[in-house]
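Since the structure comes first, as structure tokens, the remarks are kept for the end.
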Amino acid sequence: MLIRKALMGGPAAWGAAFAVVVLAAGVNIAGGTATAAQRAREAGGDRAGKALQGVLDEAVRQGAPGALAQSRTPRRVLNLSSGVADLTTRRPPRADMRFRVGSITKTFVSTVILQLVAERRLRLDDTVDQVIPGVVQGNGYRGDKITVRMLLNHTSGIADYTRNPRIEEIAVTDPRHDFTLRELAEAGLEYPPDFPPGTSWRYSDTDYALLGMIIESVTGRTYVHEITKRIIRPLHLRGTYFPGTNPRIRGPHLSAYTPANGDPARLKDTTEVNTTFARASGDMISTAGDLNRFDSALLAGRLLPGRLLRAMLRPVPGSQPYPGSDMFRYGLGTVIATPPCGVKVYGNGGTLDGWETWTGGTRDGRHTMSFVFTTDAVNQVQLTAQAVTAEYCPHRPPPRSPQTP
């Protein structure tokens, strides 16, 4: 299965395979090596670090070959890992290693859309017909009733193109195929609306394919160009880029694995893949450190004016981006998490074949945490809830998922 919806929970634990634990705590965001004594002091003196390490170890016990996290506060940067970066060399994961971030891409797209709103080149209440006329029509759709805001927060009712088997068929038979945003959007529009615009909530990658088209319509340049110019370069996110049709990940990186034919005992390497099937919804590559830097800048108000940042972080009633968990709600391209201690954490998470990811931070941007698991077959809902609780509520026991045996 090549095409996976973002933010989906995996199955419950399936064994303690690859249970090799490596702790790499330090203060170098690039993942420099710390001495054993430094590692012991940092990990031993940080209850949150110990709790988060336990979640990474649990991901490995559930079958992830590797897990990597970085926690960042004004006091320290803590790099944690478990398992291995790849099953060939079995080297430990490092903080500077790149990975595919999945739907965290959506927060970058949403930020650019809101920047265009701030520049008065776009309005949240503009309809799709006003900005990309003739694209959303027929099959029960009314482009004059669907707004930019509805696309951002998944209340548009537009069907998710990932349910269309034609996209996967093309990706499998022609691995070099360069999917266009319009091609992806039309694959979703082949299905009737899930509900009338603005009346309910349902996650749809088609929304973000359309937002990518809107960025191009308004600016005359691609979403890749605008994100790179407006976010990646100004924030010096040196490990972050869009690969286009290139299936390889540049530089040091983690490897990803998914069960072959659904068999957890046989893992298939899914690291190298053309991810244009996820344009504007999940095609970005980054590092844990870069994601933390981005989320910190966003939440600190360095990328958006206050009124638009508040709109971005306002949860949609009834939204449930992590099925089965009431800890999470959805905003405008963001996920809002409320762990048991009541602190609010703002970020996003994602899933692609072989990857499960998260980035999030407190409202002031001073405390952030990002992680990646190198398989899509662990329990994403459970582990994300546990990781957020471990990081931000270290005195609370991690929540147990009803799916956990």
Side-chain angles (χ1 to χ4, degrees), residues 18-62 64-85 92-97 99 254 286-296 299 327 337-347 349 356-374 378 380 382-400:
F18 315 112
V20 179
V21 178
V22 179
L23 176 63
V27 294
N28 182 353
I29 195 166
T33 302
T35 67
Q38 288 172 328
R39 290 198 301 269
R41 283 196 299 271
E42 186 68 34
D46 192 320
R47 182 178 284 106
K50 285 185 175 180
L52 183 57
Q53 180 66 48
V55 178
L56 302 186
D57 295 344
E58 172 63 17
V60 171
R61 281 191 290 271
Q62 289 191 20
L68 174 69
Q70 185 188 89
S71 165
R72 183 172 185 152
T73 71
R75 182 175 62 86
R76 55 98 178 105
V77 174
L78 183 64
N79 296 318
L80 301 169
S81 68
S82 189
V84 296
R94 296 201 322 265
D96 63 335
M97 289 181 168
F99 52 89
L254 298 165
S286 191
T287 67
D290 276 8
L291 293 178
N292 281 334
R293 191 175 294 112
F294 163 70
D295 206 42
S296 179
L299 295 171
M327 183 184 292
T338 308
C341 59
V343 65
K344 297 287 185 181
V345 181
Y346 304 89
E356 291 185 353
T357 63
W358 167 265
T359 188
T362 52
R363 182 59 180 81
D364 57 6
R366 290 169 60 83
H367 184 179
T368 58
M369 184 271 289
S370 300
F371 70 68
V372 57
F373 307 139
T374 60
V378 296
Q380 182 185 26
Q382 170 206 344
L383 292 173
T384 302
Q386 289 181 346
V388 171
T389 301
E391 179 66 22
Y392 297 97
C393 310
H395 298 283
R396 293 287 190 111
R400 300 295 294 175

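Every value quoted in this text rests on a predicted model; they were computed, and no experiment measured them.
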**Message:** Side chains of F373 and V60, heavy atoms from C-beta outward: is any pair under 4.5 Å?
**Reply:** no

**Request:** With sequence neighbours excluded, tell me which residues meet ring pair (Phe, Tyr, Trp, His ring centres under 6.0 Å) with Y392.
**Result:** H367

**Message:** What I'd like to find out is whether the side chain of S82 reaches to under 4.5 Å of the side chain of E58, using heavy atoms alone.
**Reply:** no

**Message:** According to side chain to side chain contact (heavy atoms under 4.5 Å, CB included), who are the partners of R366, at least two apart in sequence or on a separate chain?
**Reply:** P74, D364

**Partner residues of T384 under the side chain to side chain donor-acceptor pair (under 3.5 Å) criterion, sequence neighbours left out** = none

**Message:** Return the OG1 to CZ distance between T357 and F371, rounded to the nearest 0.5 Å.
**Reply:** 7.5 Å

**Fill in**
Residues passing the ring pair (Phe, Tyr, Trp, His ring centres under 6.0 Å) test with F99, sequence neighbours excluded, are none

**Request:** Considering non-hydrogen atoms only, spot the tightest contact between A387 and M369 and give its length.
**Result:** O-CE, 3.6 Å

**Complete:** To the nearest 0.5 Å, atom CG of L52 lies from atom OG1 of T389 at 11.0 Å

**Item:** Side-chain heavy atoms of Q380 within contact of W358, under 4.5 Å
**Value:** no

**Asked** Got a second to check how far T374's OG1 is from E356's CD, nearest 0.5 Å?
**Response** 10.0 Å

**With S370 via side chain to side chain contact (heavy atoms under 4.5 Å, CB included) - residues at least two apart** = A288, L291, N292, T359

**Request:** For L299, check side chain to side chain contact (heavy atoms under 4.5 Å, CB included) against everything at least two apart and list the hits.
**Result:** D295, L313, Y346

**Item:** By side chain to side chain donor-acceptor pair (under 3.5 Å) - contacts of T338 (at least two apart)
**Value:** K344

**Prompt:** Minimum heavy-atom separation for P339 to V345, with atom names?
**Reply:** CD-CG2, 4.4 Å

**Request:** Determine the minimum heavy-atom distance between P93 and M97, stating which atoms define it.
**Result:** CA-SD, 3.9 Å

**Prompt:** Looking only at side chains, do T368 and R293 share a donor and an acceptor under 3.5 Å apart?
**Reply:** no

**Message:** Quick one: does any side-chain atom of Q70 pair with a main-chain N or O of L80 as donor and acceptor, under 3.5 Å?
**Reply:** no

**Asked** So how far is it from R94 CZ to S81 OG, rounded to the nearest 0.5 Å?
**Response** 11.0 Å

**Message:** So L383 and V55, do their side chains get closer than 4.5 Å, heavy atoms only?
**Reply:** yes

